[in-house]
Amino acid sequence: MAPNMRKRSITIGGHGTSIALEDAFWRELEALATARGQSLSALVAEIDRGRTGPGNLASTLRLFVLEELKRHRRD
């Protein structure tokens with residue numbers, strides 16, 4: 001069964017970009033943004049600013065969600 005991908009338009013630093021992620025990742029990103037008192041766009045912009053290595057933004061977002069889930073599991 002193929003995961004349900006959804007493309008969303010997000011504004012980062014005043015520039016629009018489209019990001020395609022699976023619904024599960026969008027749900028987790030929205031929950032993380034809400035828990036931090038941020039908008040989804042603000043969280044994505046923060047993650048984007050912190051990028052250091054190669055890879056696209058969608059991959060970076062997936063890895064961020066994974067790391068946050070692992071961190072919460074350790075707490």
Side-chain angles (χ1 to χ4, degrees):
M1 175 186 232
N4 188 17
M5 296 286 285
R6 182 170 302 169
K7 186 177 268 195
R8 292 193 183 183
S9 295
I10 302 272
T11 301
I12 301 173
H15 302 283
T17 188
S18 292
I19 306 165
L21 289 174
E22 295 80 4
D23 285 339
F25 285 101
W26 284 124
R27 284 191 299 272
E28 289 301 323
L29 283 168
E30 289 169 345
L32 289 166
T34 298
R36 293 167 172 233
Q38 294 178 290
S39 68
L40 180 61
S41 291
L43 178 59
V44 171
E46 179 182 314
I47 295 166
D48 184 50
R49 283 191 302 274
R51 271 200 292 179
T52 57
N56 63 35
L57 182 54
S59 293
T60 301
L61 294 172
R62 286 184 188 95
L63 290 173
F64 176 84
V65 168
L66 177 62
E67 288 303 315
E68 285 295 303
L69 291 173
K70 287 169 56 178
R71 185 176 66 79
H72 286 291
R73 188 173 59 207
R74 285 190 300 263
D75 293 345

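Under the 4.5 Å side-chain criterion, counting only non-hydrogen atoms from C-beta, Asp48 is not in contact with Leu61. Residues Leu29 and Ile47 are in side-chain contact: their nearest non-hydrogen atoms beyond the backbone lie under 4.5 Å apart. In this structure, the side chains of Val44 and Thr17 stay at 4.5 Å or more apart for every pair of heavy atoms. Residues Ile19 and Lys7 form no side-chain contact, since every pair of their non-hydrogen atoms from C-beta on lies 4.5 Å or further apart. In this structure the side chain of Arg8 never reaches within 4.5 angstrom of the side chain of Leu21, judged on heavy atoms.
Salt bridge annotation for Arg27-Glu30: absent, with no cationic side-chain nitrogen under 4.0 angstrom from a carboxylate oxygen.
Contact record, Ala33 with Ser39: CB-O, 3.8 Å, taken as the closest heavy-atom pair.
Following chains of ILVMFWY side-chain contacts shorter than 4.5 Å, one cannot reach Leu63 starting from Leu69, and the two form parts of different hydrophobic clusters.
Expressed to the nearest 0.5 Å, how far CH2 of Trp26 lies from CE of Met5 amounts to 9.5 Å. Rounding to the nearest 0.5 Å places CD of Glu46 at 10.5 Å from CG of Leu32. Atoms CZ and CZ, from Arg71 and Arg74 in turn, are 8.0 Å apart once rounded to the nearest 0.5 Å.
Applying the salt bridge (Lys or Arg N to Asp or Glu O under 4.0 Å) test to every pair with at least one member in residues 10-26, sequence neighbours left out, gives these pairs: Arg6-Asp23, Glu22-Arg62.
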